[in-house]
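FYI, side chains are in, hydrogens and waters are out, and symmetry mates aren't considered; it's all heavy atoms of this structure. By convention in this document, chain letters (A, B, ...) are assigned in the order of the sequence lines, proteins followed by strands, and residues within each chain are numbered from 1.
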There are 4 protein chains.
Amino acid sequence: MANPADVSGLNRLIADGTIRARAIVAVIGKTEGNGGVNDFTRGYFTQSLMHMLAAHLGEPPEVLVKKIPCVLSGGTEGVVSPHFVVFCRDASAPAPAPGATPALAIGVAFSAPPAPETIGRRAHVLQVAESVKSAMREAGISDPADVRFIQLKCPCVTAVAAMQAVAEGKQLITTDPNRSMAYARAAGAFGVALALGELTEADFDEASLLRDFDIYSTRASVSTGIEVTCNEIIVLGNSTSWSGPYRIASQPMADAIDIVPIYKVLEQLGLDAVPQLNASQLSRIAGVFVKCEPDRRGRVRGSRNTMLDDTDINAQRHVRAALGGLVAGVIGDGRLFVSGGAEHQGPDGGGLITVIAAAAGTVARMAEPATGASL
Amino acid sequence: MANPADVSGLNRLIADGTIRARAIVAVIGKTEGNGGVNDFTRGYFTQSLMHMLAAHLGEPPEVLVKKIPCVLSGGTEGVVSPHFVVFCRDASAPAPAPGATPALAIGVAFSAPPAPETIGRRAHVLQVAESVKSAMREAGISDPADVRFIQLKCPCVTAVAAMQAVAEGKQLITTDPNRSMAYARAAGAFGVALALGELTEADFDEASLLRDFDIYSTRASVSTGIEVTCNEIIVLGNSTSWSGPYRIASQPMADAIDIVPIYKVLEQLGLDAVPQLNASQLSRIAGVFVKCEPDRRGRVRGSRNTMLDDTDINAQRHVRAALGGLVAGVIGDGRLFVSGGAEHQGPDGGGLITVIAAAAGTVARMAEPATGASL
Amino acid sequence: MANPADVSGLNRLIADGTIRARAIVAVIGKTEGNGGVNDFTRGYFTQSLMHMLAAHLGEPPEVLVKKIPCVLSGGTEGVVSPHFVVFCRDASAPAPAPGATPALAIGVAFSAPPAPETIGRRAHVLQVAESVKSAMREAGISDPADVRFIQLKCPCVTAVAAMQAVAEGKQLITTDPNRSMAYARAAGAFGVALALGELTEADFDEASLLRDFDIYSTRASVSTGIEVTCNEIIVLGNSTSWSGPYRIASQPMADAIDIVPIYKVLEQLGLDAVPQLNASQLSRIAGVFVKCEPDRRGRVRGSRNTMLDDTDINAQRHVRAALGGLVAGVIGDGRLFVSGGAEHQGPDGGGLITVIAAAAGTVARMAEPATGASL
Amino acid sequence: MANPADVSGLNRLIADGTIRARAIVAVIGKTEGNGGVNDFTRGYFTQSLMHMLAAHLGEPPEVLVKKIPCVLSGGTEGVVSPHFVVFCRDASAPAPAPGATPALAIGVAFSAPPAPETIGRRAHVLQVAESVKSAMREAGISDPADVRFIQLKCPCVTAVAAMQAVAEGKQLITTDPNRSMAYARAAGAFGVALALGELTEADFDEASLLRDFDIYSTRASVSTGIEVTCNEIIVLGNSTSWSGPYRIASQPMADAIDIVPIYKVLEQLGLDAVPQLNASQLSRIAGVFVKCEPDRRGRVRGSRNTMLDDTDINAQRHVRAALGGLVAGVIGDGRLFVSGGAEHQGPDGGGLITVIAAAAGTVARMAEPATGASL
């Protein structure tokens, strides 16, 4: 991936028959912008990808973008490498053998567009929870314990939309667009926690969002953006209804230097990484997803850092660079999805680590792009 | 250390008698600037420190600054925490018992000011080598193999000095100040390599600097700045002539995600860190020093990163953030000296990791400040 | 001024008798930091200045810093040049001749430290108004119409102070430090407006601050910082009680491209600048002070700009660079005090321009430093 | 233009018949990236524009991009507003009346791709000069004095291309991509100067590029980028062979605060701007183009600025912000093309200002987009 518009690698794989364009169900990736409001590399990638797929599928880009969730996180600080992971589903694959190990399962869902006045509120939480359940059904996962990772994209309220809503007499939770983004992420994380049974409806009220940071999901990764109009959901887990070489594991991280869960996730996938994956182990890795957040208290284990006070570099860029360095050191590769904005996604000041790996003896396609599971 | 001028911690330790101001022989630390040309946090710290010490020692700041090497690296990206390490030497300490384990030894040296036309040239290399040997003698280290870490500060040629030198008919290796800084670092690294026997005079000529990156020292950490007029050298090693609880170990790193040498260094100090130091082990750490450099080829293990092409964030800030995250994850602490500009200091695209730890059963003072060895 | 610690120019002028150290009553300047929370160039300058003055005055720096208001704004974007203006007062100057043109007058005041719970509230506004009146008395200005420029530094509530105050059961207007800074600036501007009769006590309540932007002072320039514990005030105006060659004029600016008031201010000082001051006119300029703010609506005269959405460059840096370019183009010099954070200081989205010039036929000392008026 | 992909304004004008897609001959604009190597907003805009035009013209985007020069400059610092100017040519327009005022004329040219080893060399200069003459012929301009502005895009040598060329035994002027960009801009400027008779072949040799800054064109605006493979040229001037309401004027600027030429250019177009264009005058402006460069000496009229030493903000961003503020203040609008990298384009440390305006009594379409002249 030479730049945000470079989808030539995937195009080649489709052209040579390695990947069937029709099989692509979702894309998650990192692009090399600043990850902030004025990061246009996400849109540039999506436009390029959809035009390319349109040529293969004979459907217009504007239709495809509403069918294939495409979640990009901007910001490839430090050793993080721009890349994307392509999830494919082969409907013609043979049914799994009875007693087979659960394999990577995927389900996607698009909700109805939430009204501006519901965004970041209880109604939004409930709507997300419903969509998560719908995506779980599509993935054939009935036990929430089998879900390992949920990537969500939630809409937020722009300044213009806020002004219009206020003019219509609606009561928004906030009129500040940045604050709206944080509330949308919080509602997404609460919705996931609710759907997975990490939280009950009785356990929270609206005031809990962005306030009670003891409430969190250990499997939610939420992003938000003005380009999204409905909640887009990708559910990943392991299921006996699916076949294929891929497995997924995930762990919460207690803080930005919590290296232990990284090794634990790898161990769960049968990868003994200490201190670093060797080439053969690395060849089994299909995707690594990290969610993190600068600690609101400005400290990690008592030592002050300068992320939150830096007027020159956004705090999210600081924390992505640090986490990227840490996880790359264990994995031995910089092709990591490292994303900030982790409110209620993992422990306060911490985050999540998720890895998808092929079974021992098989090789993942962790080129650009990597391919996912088949039914 | 609440800000770059905050030397209150050390002041308190001197006031309460924990540290004798007279015993301080060197200071190495990180301040929270951008680490670039316009980073004034280094000067602000030094001014604050010297004024504080002047009050204790009864000598003016401008005299002290020429006696106590004070090496600051700007840039506390990611989880790196502003801090400084104070090296003390207690001349009244009892001689080490025969057969005792070698203890941390320190020696410092200030060379004569090199002429602008020699900076970055062979003459500069030879001058540094001489000063390193002088500092080794002061440290009581005769075998270069006992040297583990040499921190150097070399002068460079400013634009103004360059113009003047050219007007006087002198031939500079470069008139570009940034290039001059790189040449000065290269000359410093070559000088260290020469003094340590990693390189012979026959092995290189002037054209080797900044060109032949197979030549490097595994124990040099060189910085440069317009505020320095002579080569300032701090030699650290282990020696049977010294007593005290501290030991030092160091290793080269092959690239920016080479986690293996970090564990190796800790192991050499009797610290089994896998995957992370526990609280008791951490209490023995007195200082961690990392030298790193964005890979000139724009890739780490084949994966493209965006450090060198980023117009918004300087490449050195990217790499410091990544390395800081990695090393902090293993150590379990963000108080790390992570410094860029590692030309010829460790393998090309890689760097160095050095750790000072107290012996098992003793506790290092890794507060701000930590204290060092005694003779 | 070669760097933020360079006070050698003023030191020379004191040493050669041009300026009497005892005559210095205030300093206003620009330093080359980022102007944000982590800008330490302001403190570095102040430390350097006070140490230098201490050597001349025989008083310790920590005493001087409480007697001589020293207002620094960080951020010399674009063509803005680091510099500072020194205001001196010669108590032995002869009384002005009857009927003489009013001359530049200066008064300073330090309030008692406001309690954290009053900061940004009505009590803070009233306290500032009292201090402004006190500084006006010191300046010998009784008619508010004679006041042209009031530079204020107000304390704000740090995160730590906020936590402590909340623990003590106190009700803060906000616990967010950045928000606290904005409230402190707003209270300062309201206090000035009140003292100058631009506002009456009946015209506002606490909810007006940071909300009703039709309320503003046309002569307030307020900064805030964690290093300040009380309101520090410098009042500048023209008065028949003062003599000396300097005059001051000021005008509000409607938006960030409002060039008209710049010419108007110069005209009021007898300087016909169209389109740019010539060398002789420029030699009369002693100080230029600009206050500005990115427009909250993201537009200037209907055209969208990207200041507020830029994750890489802080909006205040954008607007200072633009205003600096504009004013430098008219004045013909980059030594301008251009400062952001202009809530309620001039029209919403606009700001203020103030110029001090020597009378025709005299030359201002707009070197580093420039000198001010005498009684 | 809400973002770099927003070509909806032009699409609407084409849809409603205001602009014929077939008439579009060139586009020049500003996008809101950082203007550096990793600015992808230029490519994103071009991709979006070409897809949109492809729908109207029935030709694929990859063909159109080679027929319609589309010059984007990234970086809308300060008050500069993202926008683009569309140049149209109506071949069916009636011939101009004899004796009519010369009207805006436009010609474009694409050269053959220069070989890597010629880029930045004499051969490149001569090639550009030939292409300029060809574009002048297309514009119907025979007298170089009638040319007012030449916008050029020149290819440069990427790191990869450099390595390949060296491997093939070719001798490049530099293997450093950034340096290659500077040489390409220099060659472009020399080529324009040669074509316009500002320079003769005897006046320079290869060593003059990037060295002898007394050689410059007063009408060249050159950009470079890795996305360009040949020299793309847009020549603008006034010609009696063209009709239509538009006229163009340009002036060199001596330094970054030289306001005088801005007024002079407006005066040449019959616009008395002092101190700022009024609404009626502004309605006649169709495009404003500014070329500028941070002064290599770090000073403007003797006052030090910090552009070149800033590790956080690229110097080009500083200077664009300052120039944008200055020119916007005179014009009264932020829709300005302000571009850096002005080596040999205007006086050393200065730049150029060019304005296109409609004749008195007519209104320019300075919306997004503005339209140009017709034959």
- Task: Tell me, out of V300(B), V260(B), I313(B), who's got the most heavy-atom pairs with chain A below 4.5 Å.
- Result: I313(B)
- Query: Which heavy atom of I259(A) sits nearest a heavy atom of G329(B), and at what distance?
  - Reply: CG2-O, 3.4 Å
- Note on the structure: Okay, V79(A) and chain B: the region with an atom under 4.5 Å from a heavy atom over there is both
- Query: What residue in P294(A), G325(A), A273(A), G332(A) has the most heavy-atom pairs under 4.5 Å with chain B?
  - Reply: G325(A)
Give me a line-by-line list of donor-acceptor atom pairs from chain A to chain B that are under 3.5 Å apart, or tell me none exist.
from, atom 1, to, atom 2, distance (Å)
M1(A), O, R304(B), NE, 3.1
M1(A), O, R304(B), NH2, 2.8
A2(A), O, R304(B), NH2, 3.3
E32(A), OE1, R304(B), NH1, 3.3
E32(A), OE2, R304(B), NH2, 2.7
T76(A), O, T306(B), OG1, 3.1
T76(A), OG1, T306(B), OG1, 3.0
G78(A), N, H318(B), ND1, 2.9
S81(A), OG, R304(B), O, 2.5
I257(A), O, Q276(B), NE2, 2.8
Y263(A), OH, Y263(B), OH, 3.4
Q276(A), OE1, R301(B), NH1, 3.0
Q276(A), NE2, I257(B), O, 2.8
R301(A), NH1, Q276(B), OE1, 3.0
S303(A), OG, R335(B), NE, 3.4
R304(A), O, S81(B), OG, 2.5
R304(A), NE, M1(B), O, 3.1
R304(A), NH1, E32(B), OE1, 3.2
R304(A), NH2, M1(B), O, 2.8
R304(A), NH2, A2(B), O, 3.3
R304(A), NH2, E32(B), OE2, 2.6
T306(A), OG1, T76(B), O, 3.1
T306(A), OG1, T76(B), OG1, 3.0
H318(A), ND1, G78(B), N, 2.9
R335(A), NE, S303(B), OG, 3.4

